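Below is one structure, written out as C-alpha cells; comments come after it.
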Amino acid sequence: MKWLPPSQNAVCNWMSPQSRRSRKKRKKIQMHCENLQQESKSRAKNIGAIKAKGGDIEPLLKEVGDLKNQLAQAEADLAAAQQEWEELLAGLPNLPAEDVPEGKSENDNVEVRTWGTPKEFAFPVKDHVDLGSDLAQLDFEVAGKITGSRFAVMKNSLARLHRALIQFMLDTHTAAHGYEELYVPFIVNKDSLFGTGQLPKFEADLFKLRDDRDFYLIPTAEVPVTNLLRDEIVEEKQLPLKFVCHTPCFRSEAGSYGRDTRGMIRQHQFEKVELVQFVKPEESEQALETLTSHAEAILQKLGLPYRTVVLCTGDMGFSAAKTYDIEVWLPSQQRYREISSCSNFRDFQARRMKARYRSSETGKAELLHTLNGSGLAIGRTLLAVMENYQQADGSIEIPSVLRPYMGGLDVIRRG
RNA sequence: GGUGAGGUGUCCGAGUGGUCGAAGGAGCACGCCUGGAAAGUGUGUAAGUCGAAAGGCUUCGAGGGUUCGAAUCCCUCCCUCACCGCCA
C-alpha cells in the first residue's frame, strides 16, 4: 500500500454503495489471505525447527504443497481487490470544511472582504495587451511564432518589471512573513503528483515529458515543495514549516480552449511565487487565515484593489478543504479577477504523501496538515499593475515598492 | 556515458537462507541522581493494517524470481557515493 487511505473517518461514511461493497469485499479476501499466510509461516517455521534438530522434513514438505497454491491464488485475489479499492479512493475529493458555503459554481462564492478603491480614470482605459503592444514591450505574435498560442514575450522594462515582482515578493515573504526560500525541480515524477492530488484524475491538465521515466512539468510549485515531506516524519518542534518558492508553472489548459484567449491571463507558462505551510492539525484553520493575509499584503504594498472570496463547495478544487481566492481589480474588465488561491488541505495531501510528525501528545506519528497559496501569480500581478497604473499617455507608473528593483525607474514609456 | 561500492527503523549503523521486525548507538519519553541543569544511570521507543482484546498480517530502495522458508541468493529498474569521460 503506497499511501494511507482513510479507514474509519468521515470519507467512509460518505462513500457510495459501490465503494462500500468494494471495501467489504477487500476485507473478506484479506482475512482469508492472512489466515493462509499465517498457516504457511508457522509451517515453514516448524520445518526449520525440525531440520535444526536433524529430523525428517520430507512428509512436512508434501503437506505444504497445496497450501502454497491456495496462498498464491488468495494473494492474487487480494491484489486485485486492493487495487480496485485504492482506485476508488484515489478518485475521491477532499471533504469541504464545515464553514464552507454550499453552492454550485463561482457565482455562489462568498465575498469576505474588499481592500482599496478602484481608481476612476479620466481617460478611456486600455487593457494590458494594448498597453504592452503600444509600449512595444509585450508581444504575443512573436511568441506564437516561437511556440504557439498562450505564450508571451516581454521586453525591456516590462521584462524587468516582471522580474522585479518576483524579487519583491520573495523578499517580502522571507523578511517580513518568516518563510524559508526554496529552489526546487521544475520536473516531477508521478508519485509527487499523486501526493498533491493532480494525479490520477487531472493528467490532462499537465504537460508530460516524452520520456520513459513518467516525468511531468510542474503545474505549480505546490507539487515539488509539498512533496519535500513525502514519506517523512518530522519532529513536532520543527513545526510550523513555512516555505516560499518561485517557479515557472506549466499548464496545458485542456478544457479551457475558449476562455481568456486574449492576453496573459491564461497562459501555458507563467511564473508564480508560492507559499507552502506544514502545520499541526489544530493550527491549520488559523494558518489559512495568516497565509491568506500574507498574499493580501503583497497587493496592499502594490496598492492594487482586491477582494477576497471564500469558494463554495461547487467551486473548490479536488484536494482542498477550504479555499480563499484573492481577486484583483482589472480596470479594463471592470471586475475582480483571480490572482491568488489559498487553500487548507488538512490531512488530504499528507495522507497521500505519508507526511507526518512525531506528536509529543500521543508519542505517535500523526498526519500533518498542509496549506498553500499563491503569493502571487506573477503574470496576473504584472497585468494588474499595468492596467491599474496606466496613465493618459499610455505610460505606466511603477509602484513605489518596486522602484528599488527597477534601478530607480518610476515610469515605463515607449522607447 | 564507463567502472566500482552501496541503499536496513526518526537518524546513524550491524546482520549467518530458518525463533530477525531486525544487534549496537544517537535522538526522544519517563524515572534515578542534582538546589537546578549538564554529565552519569535505569527503563521504554519502527510504521501501516485487521481485531473489543489476545493476537494476526504487511513492510529492510522498487518490481519480479528461486525456496517449505529471503533483509540475506538470482534478474530488471531507480537512487546515492567514489573515480574516469563529457559538459553550463
Side-chain angles (χ1 to χ4, degrees), chain A residues 1-9 11-12 19-20 22-86 88-90 183-195 199 209 211-216 224 227-239 241 278 280 347 349-368:
Chain A
M1 188 157 296
K2 56 181 189 270
W3 57 309
L4 313 177
S7 51
Q8 305 294 337
N9 70 18
V11 173
C12 283
S19 41
R20 277 173 211 256
S22 168
R23 181 163 186 253
K24 265 192 178 166
K25 181 175 142 198
R26 190 201 91 253
K27 197 177 270 191
K28 193 178 162 194
I29 294 172
Q30 183 175 348
M31 277 158 64
H32 174 62
C33 183
E34 286 184 4
N35 286 339
L36 289 172
Q37 282 170 330
Q38 185 183 358
E39 178 69 16
S40 153
K41 272 181 87 165
S42 75
R43 295 230 184 175
K45 270 191 181 173
N46 193 25
I47 290 171
I50 290 177
K51 202 181 172 188
K53 284 187 219 150
D56 181 16
I57 58 171
E58 275 307 314
L60 290 167
L61 290 184
K62 273 182 193 151
E63 277 179 42
V64 119
D66 186 49
L67 185 63
K68 212 186 158 191
N69 293 333
Q70 281 184 50
L71 181 59
Q73 183 59 50
E75 281 177 342
D77 291 348
L78 179 61
Q82 189 85 2
Q83 195 187 343
E84 181 187 312
W85 165 244
E86 278 182 21
L88 266 169
L89 278 187
Y183 173 84
V184 297
F186 304 155
I187 294 173
V188 293
N189 60 33
K190 277 189 146 169
D191 289 343
S192 293
L193 288 158
F194 180 85
L199 288 181
L209 265 50
D211 179 291
D212 54 16
R213 283 174 292 191
D214 283 328
F215 284 162
Y216 296 79
N227 276 278
L228 210 58
L229 292 201
R230 173 150 55 85
D231 291 319
E232 303 283 344
I233 302 176
V234 298
E235 293 300 326
E236 183 176 332
K237 63 187 170 208
Q238 294 178 258
L239 300 173
L241 286 164
F278 299 91
K280 291 192 273 181
D347 66 7
Q349 293 180 328
R351 189 183 303 283
R352 296 166 81 97
M353 289 194 301
K354 286 190 283 187
R356 291 164 293 172
Y357 72 104
R358 178 86 45 203
S359 163
S360 61
E361 208 175 308
T362 63
K364 303 193 72 172
E366 306 283 356
L367 291 167
L368 287 161

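Letters A, B, ... mirror the listed sequences (proteins, then strands); counts begin at 1. Since this is a predicted model, take the numbers as computed values, not measurements.
- Between A:L228 and A:L241 the shortest side-chain heavy-atom distance does not fall below 4.5 Å.
- For the atom pair CD1 of A:I233 and CD of A:E366, the computed distance is 10.5 Å after rounding to the nearest 0.5 Å.
- Annotation: B:U45 and B:A26 have their C1' atoms spaced 13 Å apart (nearest Å).
- With both pairing distances under 3.5 Å, B:C28 is matched to B:G44 as a Watson-Crick or G-U wobble pair.
- One atom, CG of A:L78, and another, P of B:G56, lie 19 Å apart when rounded to the nearest Å.
- A gap of 42 Å separates the P atoms of B:C57 and B:A38, to the nearest Å.
- In terms of phosphate contacts, A:R358 brings a side-chain nitrogen or oxygen within less than 4.0 Å of OP1 or OP2 of B:A47.
- Across all strands shown, B:C78 is found opposite B:G7 as a Watson-Crick or G-U wobble partner, with both distances under 3.5 Å.
- Here the straight-line distance linking atom NZ of A:K27 with atom CG of A:L78 works out to 13.0 Å at 0.5 Å rounding.
- Counting to the nearest Å, the P atom of B:G48 and the CZ atom of A:R351 are 11 Å from each other.
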For nucleotides 57-62 of chain B, print each protein N/O atom paired with a nucleotide N/O atom at under 3.5 Å, atom names and distance only.
residue	atom	partner	partner atom	Å
B:C57	O3'	A:Q37	OE1	3.2
B:C57	O2'	A:Q37	OE1	3.0
B:U58	OP2	A:K41	NZ	2.9

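- Here the straight-line distance linking atom CG of A:D191 with atom CG of A:D214 works out to 9.5 Å at 0.5 Å rounding.
- One finds no salt bridge joining A:R26 and A:E84 here, because no Lys/Arg side-chain nitrogen approaches an Asp/Glu carboxylate oxygen to under 4.0 Å.
- Straight-line distance between the P atoms of B:C74 and B:G4: roughly 15 Å, to the nearest whole Å.
- Nucleotides B:G9 and B:A71, compared at atom C1', are 13 Å apart to the nearest Å.
- Atom CD of A:E232 and atom P of B:C11 are 7 Å apart (whole Å).
- Rounding to the nearest 0.5 Å gives a distance of 10.0 Å between CD of A:E236 and CG of A:L368.
- Put simply, the side chain of A:V188 does not reach to within 4.5 Å of the side chain of A:N227, judged on heavy atoms.
- Nucleotides B:C11 and B:A62, compared at atom P, are 14 Å apart to the nearest Å.
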>> I'd like to know whether A:F278 forms a side-chain contact (heavy atoms from CB on, under 4.5 Å) with A:V234, so could you lay out the CA-CA distance, the side-chain angles of the two residues, the decisive distance to 0.1 Å, and finally the verdict.
In response: CA-CA 10 Å; A:F278 299 91; A:V234 298; over 6 Å; no

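- Rounded to whole Å, the separation between the C1' atoms of B:G25 and B:G63 comes to 33 Å.
- What separates CG of A:L89 from C1' of B:G48 is a distance of 15 Å, to the nearest Å.
- In this structure, A:R358 and A:E235 have side chains that are in contact, with non-hydrogen atoms separated by less than 4.5 Å.
- Toward the 5′ end of RNA chain B lies the nearest nucleotide of A:M31, the other residue of the pair A:S40 and A:M31 mapping further downstream.
- B:C86: no Watson-Crick or G-U partner with both key distances under 3.5 Å is found in any strand.
- The separation of B:G64 from B:U19, taken at their P atoms, amounts to 24 Å, rounded to a whole angstrom.
- Pair assignment for B:C33: none, as no Watson-Crick or G-U wobble contacts are both less than 3.5 Å.
- Here the C1' atom of nucleotide B:U67 and the NZ atom of A:K68 are 6 Å apart, to the nearest Å.
- Atom CG of A:D191 and atom P of B:G63 are 11 Å apart (whole Å).
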Table of protein N/O atoms under 3.5 Å from nucleotides 16-19 of chain B N/O atoms:
residue	atom	partner	partner atom	Å
B:G18	O6	A:K51	NZ	3.1
B:G18	N2	A:A44	O	2.8

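- Spacing between B:U72 and B:G17 at atom C1', rounded to whole Å, works out to 7 Å.
- Atom C1' of nucleotide B:G9 and atom CZ of A:R356 are separated by 12 Å, given to the nearest angstrom.
- Using a 4.5 Å cut-off on side-chain heavy atoms (C-beta onward), A:N189 and A:F215 make contact.
- Pair check for B:A52 finds none; no Watson-Crick or G-U wobble contact set falls under 3.5 Å.
- Base-pair partner of B:G18: B:C68 (Watson-Crick or G-U wobble, both distances under 3.5 Å).
- At whole-Å resolution of the value, CD1 in A:I233 and C1' in B:G48 are 10 Å apart.
- Side-chain contact, A:Q37 with A:E75: a donor N or O sits under 3.5 Å from an acceptor N or O.
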